[in-house]
Amino acid sequence: MKKVATRFAPSPTGPLHIGGVRTALFNWLYSKNKSGNFYLRIEDTDKERSKQEHKIQIINSLKWMGIEHNGEEYIQSEMIGEHITIAERLLENGNAYKCYCSAEEIEEQKKRAKQKKIPYVYNRKWRDISENQAPRDIKPVIRFKSKIEGTSLLKDLVQGNVEIENNTIEDFVILRNDKTPTYNLSATVDDHNMEVTHIIRGDDHKINTFKQIQIYEALGWDIPQFAHIPLIHTIDGKKLSKRDNASTLEDFSKIGILPEALRNYLLRLGWSYKDKEIFNLEESIKLFNLEGIGKSPSKLDMSRILSINEYYIKDSDEKVLFKKLKEYCKIYKEKIKEEKENTIKSSLTFLKNKAKTLEDIFNNSKYILNDKVVFNENDKVLINDEAKKIIYLFKDKTSKLEVFNRENLEQILNELIKSNNTNFKGVGQPLRIMLTGSKFGPGIYDIILSLGKKEVIKRLENIG
RNA sequence: GGUCCCUUCGUCUAUCGGUUAGGACACAUGGUUUUCAUCCAUGAAAGAGGGGUUCGAUUCCCCUAGGGACCGCCA
């Protein structure tokens, strides 16, 4: 048995979106599960559209998700020479031929097919014409001599047996008239050279597989296993596209989604293991298999992502969570001041219970982060004369407090409730507004204790 | 239009011929809570339709409908 090798082969013609990330994840997980290798191949043979920035974005995305590839990135454009050699070999062996049709000629055929509403398949014009009839002024393309008779069977690890009539596969171009190889040739040659054993990729490549298998056969190469996973659809049921709304990882990271949460979500999108919902990394690797992949496309569900993220935030160790929050604030919000770090760190125990995202934690931390209270105008009006009286009394009693702890604070609050003939809300709400600027937020004792005596008194003195 | 694929609660899914069709998210209601949340409890919610096969079909087969992917000298 050969060692399992999988690969992820994106083209840097656009930013990597969440669907691509899932494909990468499945490949990576599968290789890990089988103690094999996982490679990254950048398919940058489309010179016009390939962009360095996209390549960087792809690599960073995978890094953010913790998906690491073995060895260096494999750059497809560096292997073009190899692809051309193979195309020539195919030509010599009679598995391919030169086609002298002009671009206009092909265009015309397609147009006619469309008018007649019949499917366009290249008419194999040059398949059997001898080359000495070739027009001088046209540079030929090389086409693969596809099977015409019979059927082909793909034993797909996800889709099951898929059978297709050979004559629906046209004689596809493998080398353009500028001598550059096309996708099906390049991908096949690279997969063979990289000794890829399992090709796990999107459903949209299924038809290509029949072309690629014929190339493997013509060359006498081992054919890898294929697993075509269903695509992720947008909420209105269409394929995720690089062009329109497709979400990139940045879209998620900037609202404070944790990579492990997204990994868990993506794992469960189209794959399942019994009723299990939460998979840590170790379990993901141990339990992942191809059998658990469903055959129908699935839709992205933001509320589920948020919910899983909430789970991971609550489940996080506070030290680790703080590091992530710090990094997050630095990149997307504002850097946490050094003197605030300890306060934030110790407040995470209660802050994280109110948050679905890192952004939520940031928002709920603003009363600590900002030196000056920023008041919500709608809430500020709740500070009426009655409230001011209570705030004054609380401030007075608190300032005399020798031991600033929850027990003593509770005592003060309880006394105030009694003596002012009010309830907890009557005391708690004005205090919260004065201390944080808003009537929403963490528990009042958490707020008071996290700010500390000095700061609490300072903020209460701020009373208009 | 051709080829191929898919179809269980709104969403992600479990079930591998016999279940009151299960779970999770979302939703609704109630409880805990000074607030917003959390948390807990409860509830509503599904086998596209029609034929077979079978003692019995969500499960196997066929047809219909709906949805999707592909049909490039893009990858």
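Computed from heavy atoms alone, side chains included, the values below leave out hydrogens, waters and symmetry copies. Numbers restart at 1 for each chain; the letters A, B, ... are given by sequence-line order, proteins then strands.
- Evaluation of the ring-ring contact (aromatic ring centres under 6.0 Å, His included) rule for A/F26 yields A/F288 as partners, not counting sequence neighbours.
- Take A/Y30 and apply the ring-ring contact (aromatic ring centres under 6.0 Å, His included) test, not counting sequence neighbours, and it matches A/H198.
- To the nearest angstrom, C1' of B/rC4 lies 14 Å from CG of A/N161.
- In this structure, A/H54 has no ring-ring contact (aromatic ring centres under 6.0 Å, His included) partners at least two apart in sequence or on a different chain.
- Residues meeting the side chain to side chain donor-acceptor pair (under 3.5 Å) test with A/R124, sequence neighbours left out: none.
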Atom pairs under 3.5 Å: protein N/O with N/O of nucleotides 35-40 of chain B:
residue: B/rU35; atom: O2; partner: A/K439; partner atom: O; Å: 2.9
residue: B/rU35; atom: O2; partner: A/G441; partner atom: N; Å: 3.1
residue: B/rU35; atom: N3; partner: A/R432; partner atom: NH2; Å: 2.8
residue: B/rU35; atom: N3; partner: A/G441; partner atom: O; Å: 2.7
residue: B/rU35; atom: O4; partner: A/R432; partner atom: NH2; Å: 3.0
residue: B/rU35; atom: O4; partner: A/G441; partner atom: O; Å: 3.3
residue: B/rU35; atom: O4; partner: A/P442; partner atom: O; Å: 3.3
residue: B/rU35; atom: O4; partner: A/G443; partner atom: N; Å: 3.3
residue: B/rC36; atom: O2; partner: A/K354; partner atom: NZ; Å: 2.5
residue: B/rC36; atom: N3; partner: A/K354; partner atom: NZ; Å: 2.3

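- For residues 414-431 of chain A, every residue pair satisfying the salt bridge (Lys or Arg N to Asp or Glu O under 4.0 Å) rule, not counting sequence neighbours, is listed here: A/K397-A/E415.
- As judged by a 4.0 angstrom heavy-atom cut-off over every strand, A/N208 is placed among the base-contacting residues.
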Under 3.5 Å, which donor-acceptor pairs link side chains of residues 432-442 of chain A to any protein atom two or more places apart or in another chain?
residue: A/R432; atom: NE; partner: A/P442; partner atom: O; Å: 3.3
residue: A/R432; atom: NH2; partner: A/P442; partner atom: O; Å: 3.0
residue: A/T436; atom: OG1; partner: A/R432; partner atom: O; Å: 2.8
residue: A/T436; atom: OG1; partner: A/S438; partner atom: N; Å: 3.2
residue: A/T436; atom: OG1; partner: A/S438; partner atom: O; Å: 3.1
residue: A/S438; atom: OG; partner: A/F440; partner atom: N; Å: 2.9
residue: A/S438; atom: OG; partner: A/F440; partner atom: O; Å: 3.3

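- Taking the ring centre of A/F279 as origin, the terminal cationic atom of A/K276 falls inside the region bounded by 6.0 Å and 45° from the ring axis.
- For A/F172, the ring-ring contact (aromatic ring centres under 6.0 Å, His included) test picks out A/F144, with sequence neighbours left out.
- Between the side chain of A/R49 and the base of B/rA75, no donor-acceptor pair under 3.5 Å is found.
- With a cut-off of 3.5 Å on both Watson-Crick or G-U wobble distances, the partner of B/rA75 is given as none.
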Give each protein N/O atom lying under 3.5 Å from an N/O atom of nucleotides 59-69 of chain B, with the pair distance.
residue: B/rG68; atom: OP1; partner: A/K238; partner atom: NZ; Å: 2.3
residue: B/rG68; atom: O2'; partner: A/H233; partner atom: NE2; Å: 3.2
residue: B/rA69; atom: OP1; partner: A/K239; partner atom: N; Å: 3.2

